[in-house]
Visitor: 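Before we start, here is the structure in question, set down as structure tokens.
Being a predicted model, the structure only gives us computed values, none of them experimental.
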Amino acid sequence: MKRFRALPKINKQRLQAWLMIASFLFLPIAQPANVWANASDPEQASTDQAIHSIVTGTTWYDPNAGVCAIVNGQQIDLNATQEANANTVIGIAKTLNLGQRGALIGLMTGLTESGLTNGANDGSYKDADEDYSGTRLKELSLAQPHDNVGNDHDSVGIMQQRVTGGWAGLGSSYSNLGNPEVYARLMNPAFASEAFYKALMGVTNWQGMDPGAAAQAVQGSAFPDRYNDHRAAAQSLIDKLWESAPAVPLPVPLTGAAPEAATNGCVGGGSAAILNKIHEFAWPNYRRAGSSNAMEKVPAYQAAVDRAPYKGDCDGVDCGAFVTIVMRESGADPNYNSGPMGNTVQQIDYLHRMAAEGKYTRVANKAALQPGDIAIKSHCAYNGSSLLCEGHTFFYVGSALHQMDPNWDGDAASASQCERAPMASGADTFEDYEWYHLN
């Protein structure tokens with residue numbers, strides 16, 4: 001805790017009431033959570049109240065005004081931000097079919113680590129082994145939407161996941177401290193919840209474990225017993241929110257916006273962010289090669305091409321440019337196609353490498369395709385002394401975009417080398433391509 005303010009003189013009866021409430025409020029916050037300050041400067045809090053607020057966890061409590069979070073582990077009255085985050089934690093558990101047991105563990109963890117608030121990091125943590133003062137930890141975490149600021153190691157977000165760890169799905173590296181994408185992911189409550197649950201699903205027999213022990217198995221806290229301190233509070237949230245909390249479509253769209261609800265379940269298994277960008281960037285009807293309008297780009301796509309570092313061989317009107325720009329502009333994979341040229345040879349190499357790291361899954365069964373999945377093929381052969389390469393890549397959309405837009409008339413979206421701007425198209429044959437799903 002930062003510090004207490006001095007209490008004004010009060011009568012004995014009021015003091016006893018205050019102490020009874022404080023005994024419930026003053027719950028220790030487990031590592032790796034740390035001391036948090038409200039996004040508003042505590043020094044600016046009113047000093048003329050009959051009883052001053054105290055800070056515990058992430059919330060200002062005023063016994064005169066009523067308690068805005070946990071009183072005794074049973075009564076729950078969260079503020080709007082905390083309740084939205086609780087709904088997200090529950091919604092991701094629903095999507096992953098983890099049931100109320102999984103949601104209970106997720107909520108216990110979020111309550112313990114951050115009070116279900118989204119924390120930035122001021123970068124001031126320092127000990128004999130770690131010093132973040134010379135990094136971009138403060139700058140990049142404060143650049144993300146946040147509710148408060150803390151300084152526990154390099155932890156951020158509602159689950160207090162470490163930036164240098166592998167939580168963002170981009171590897172464990174000190175260089176993560178300078179990667180804005182890591183912060184965008186870990187400070188997105190839906191992504192942070194999904195990352196937590198994926199780690200939980202890797203714990204053997206987590207369903208049969210004590211919930212606090214299951215949380216500890218994921219988090220590795222220096223204070224493992226404190227998760228169970230919030231079990232009753234988490235259960236109260238489930239009792240209150242379980243029926244109304246919507247499932248959250250995955251993968252999480254990393255655009256800073258709230259995840260969109262699935263339409264008849266059509267985008268729940270794919271990427272809403274990818275599909276939304278395809279719908280924004282591609283013509284909904286097939287455009288015949290050689291026709292007068294075949295190369296015309298949708299205005300939103302033209303604007304994206306103008307921003308793109310890779311435009312393809314035909315200024316954005318080729319297959320590789322279209323897939324690359326959609327993946328980057330949607331936020332689904334800002335690092336997609338890291339090769340300097342971006343042709344299908346380099347893209348398929350990128351997908352192979354990312355699949356080996358677990359970022360993508362290769363889809364081996366046509367029945368398992370999900371909207372937003374990427375098809376790609378590439379072949380190189382020597383013609384005399386020259387190496388000639390050819391290939392194609394496009395998105396599978398299934399019926400998802402037709403449900404979103406009745407004018408959409410294909411089960412795929414593609415662009416062709418100097419022949420057609422991005423448009424609705426057929427998915428060709430499954431067997432001719434390698435297929436990849438973004439995890």
Visitor: Is there a donor-acceptor pair under 3.5 Å between the side chain of Glu130 and the backbone N or O of His153?
Guide: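 No, Glu130 side chain to His153 backbone: no donor-acceptor pair under 3.5 Å.
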Visitor: Ignoring hydrogens and geometry beyond distance, is a side-chain donor-acceptor pair present between Glu280 and Asn276 at under 3.5 Å?
Guide: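 No - no donor-acceptor pair under 3.5 Å links their side chains.
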Visitor: Can you sort out the partners of Glu357 under salt bridge (Lys or Arg N to Asp or Glu O under 4.0 Å), two or more places apart, ordered by chain and number?
Guide: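 By the salt bridge (Lys or Arg N to Asp or Glu O under 4.0 Å) rule, Glu357 matches no residue at all.
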Visitor: Could you check if a side-chain atom of Gln235 sits within less than 4.5 angstrom of a side-chain atom of Leu104, using non-hydrogen atoms only?
Guide: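 SC-SC contact between Gln235 and Leu104 confirmed.
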Visitor: Minimum heavy-atom separation for Cys319 to Ala415, with atom names?
Guide: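 That closest heavy-atom pairing would be CB-O, 3.2 Å.
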Visitor: Got a donor-acceptor contact below 3.5 angstrom from the Thr95 side chain to the Val248 backbone?
Guide: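 Side chain of Thr95 to backbone of Val248: a pair is present.
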Visitor: Salt bridge (Lys or Arg N to Asp or Glu O under 4.0 Å) with Arg136: which residues, sequence neighbours excluded?
Guide: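 With sequence neighbours excluded, Arg136 shows a salt bridge (Lys or Arg N to Asp or Glu O under 4.0 Å) to Glu139, given in chain and number order.
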Visitor: Counting distance only, does the side-chain N/O of Glu181 pair as donor-acceptor with the main-chain N or O of Pro334 below 3.5 Å?
Guide: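 Side chain of Glu181 to backbone of Pro334, a donor-acceptor pair under 3.5 Å: no, none is there.
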Visitor: Test: side-chain hydrogen bond (donor to acceptor under 3.5 Å, both in side chains). Region: residues 200-213. Which pairs qualify, not counting sequence neighbours?
Guide: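 Listed once each, the pairs are Asp210-Asn228.
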Visitor: Within the 4.5 Å heavy-atom criterion, are Pro211 and Arg101 side-chain neighbours or not?
Guide: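 The answer is yes, as the side chains (C-beta and beyond) meet within the 4.5 Å cut-off.
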Visitor: Output all residues satisfying ring pair (Phe, Tyr, Trp, His ring centres under 6.0 Å) with Tyr301, sequence neighbours left out; order by chain, then residue number.
Guide: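 Once residues adjacent in sequence are excluded, the partners of Tyr301 under the ring pair (Phe, Tyr, Trp, His ring centres under 6.0 Å) criterion are Phe281, Phe322.
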Visitor: What pair of heavy atoms forms the shortest contact from Met423 to Ala282, and how long is it?
Guide: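 Residues Met423 and Ala282, closest heavy atoms: N-CB, 3.8 Å.
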Visitor: Do Lys297 and Trp283 have side chains that approach each other closer than 4.5 Å (heavy atoms only, starting at C-beta)?
Guide: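 They are not in contact (no side-chain heavy atoms under 4.5 Å apart), so the answer is no.
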Visitor: Which salt bridge (Lys or Arg N to Asp or Glu O under 4.0 Å) pairs, counting each pair once, include a residue from residues 78-96, with sequence neighbours left out?
Guide: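 Sorted pair list: Glu83-Lys240.
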Visitor: Could you tell me whether the side chain of Leu116 reaches within less than 4.5 Å of the side chain of Leu107, counting heavy atoms only?
Guide: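 Yes, at least one pair of side-chain atoms sits under 4.5 Å.
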Visitor: Who are the side-chain hydrogen bond (donor to acceptor under 3.5 Å, both in side chains) partners of Glu243, not counting sequence neighbours?
Guide: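 Glu243 satisfies side-chain hydrogen bond (donor to acceptor under 3.5 Å, both in side chains) with no residue once adjacent residues are dropped.
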Visitor: Measure the spacing between OG1 of Thr112 and CE of Met159 and express it to the nearest 0.5 Å.
Guide: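 Spacing of OG1 (Thr112) from CE (Met159) equals 10.0 Å.
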Visitor: Are any side-chain N or O atoms of Tyr125 and backbone N or O atoms of Ser155, one a donor and one an acceptor, separated by less than 3.5 Å?
Guide: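 Looks like no, no N/O pair under 3.5 Å.
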Visitor: Check side-chain hydrogen bond (donor to acceptor under 3.5 Å, both in side chains) between Thr164 and all other residues, then give those that pass, not counting sequence neighbours.
Guide: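 Counting only residues at least two positions away or on another chain, Thr164 forms a side-chain hydrogen bond (donor to acceptor under 3.5 Å, both in side chains) with Asp154.
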Visitor: Test of understanding: with salt bridge (Lys or Arg N to Asp or Glu O under 4.0 Å), list the residues that count as partners of Asp405, not counting sequence neighbours.
Guide: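 Applying salt bridge (Lys or Arg N to Asp or Glu O under 4.0 Å) to Asp405 gives none.
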Visitor: Tell me if a side-chain donor or acceptor on Gln346 pairs with a main-chain N or O of Asn337 at a distance below 3.5 Å.
Guide: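 Here the side-chain-to-backbone pair does not exist.
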Visitor: Are the side chain of Arg353 and the backbone N or O of Ile348 linked by a donor-acceptor pair below 3.5 Å?
Guide: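 No, because the side chain of Arg353 does not come within donor-acceptor range (under 3.5 Å) of the backbone of Ile348.
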Visitor: Would you indicate whether Lys311, at its atom NZ, is surrounded by more than 12 heavy atoms from other residues, nucleotides or ligands within a distance under 6.0 Å?
Guide: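 Buried by this count: over 12 neighbours within 6.0 Å.
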Visitor: Could I get the full list of ring pair (Phe, Tyr, Trp, His ring centres under 6.0 Å) partners for Phe394, not counting sequence neighbours?
Guide: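 Phe394 satisfies ring pair (Phe, Tyr, Trp, His ring centres under 6.0 Å) with His392, Tyr433, Trp435 once adjacent residues are dropped.
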Visitor: With the side chain counted from C-beta on, respond yes when Leu438 and Met327 share a heavy-atom pair under 4.5 Å apart, and no when they do not.
Guide: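 Contact flag for Leu438/Met327 side chains = yes.
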Visitor: Does Lys359 have any salt bridge (Lys or Arg N to Asp or Glu O under 4.0 Å) partners at least two apart in sequence or in another chain, and if so, which?
Guide: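 Salt bridge (Lys or Arg N to Asp or Glu O under 4.0 Å) list for Lys359, sorted by chain: Asp333.
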Visitor: Taking Tyr336's backbone N and O only, do any of them form a donor-acceptor pair with Arg328's side chain (distance below 3.5 Å, no angle check)?
Guide: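 Yes; at least one donor-acceptor contact below 3.5 Å.
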Visitor: If the condition is side-chain hydrogen bond (donor to acceptor under 3.5 Å, both in side chains), which residues does Ser172 pass it with, not counting sequence neighbours?
Guide: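 Ser172 satisfies side-chain hydrogen bond (donor to acceptor under 3.5 Å, both in side chains) with no residue once adjacent residues are dropped.
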Visitor: Between Ser399 (side chain only) and His402 (backbone N and O only), is there a donor and an acceptor less than 3.5 Å apart?
Guide: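 No.
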Visitor: May I ask you to decide if Ala427's main-chain N or O and Asp411's side chain share a donor-acceptor pair within less than 3.5 Å?
Guide: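 Confirmed, Asp411 side chain pairs with Ala427 backbone.
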Visitor: If you take all heavy atoms of Tyr197 and Gly102, which pair is closest and at what distance?
Guide: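 So the minimum-distance heavy-atom pair works out to CE2-O, 3.2 Å.
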Visitor: Keeping the roles fixed (side chain from Ser141, backbone from Asn121), state whether a donor-acceptor pair exists under 3.5 Å.
Guide: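 Checked: pair present.
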Visitor: Does some side-chain heavy atom of Ile278 sit less than 4.5 Å from a side-chain heavy atom of Trp408?
Guide: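 In short, these two side chains touch, coming nearer than 4.5 Å.
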Visitor: Partners of Asn365 by side-chain hydrogen bond (donor to acceptor under 3.5 Å, both in side chains), sequence neighbours excluded?
Guide: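 Not a single residue meets the side-chain hydrogen bond (donor to acceptor under 3.5 Å, both in side chains) criterion with Asn365.
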Visitor: Compare all side-chain heavy atoms of Ile158 with those of Phe196 and state whether any distance is below 4.5 angstrom.
Guide: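 No, too far: nothing below the 4.5 Å cut-off.
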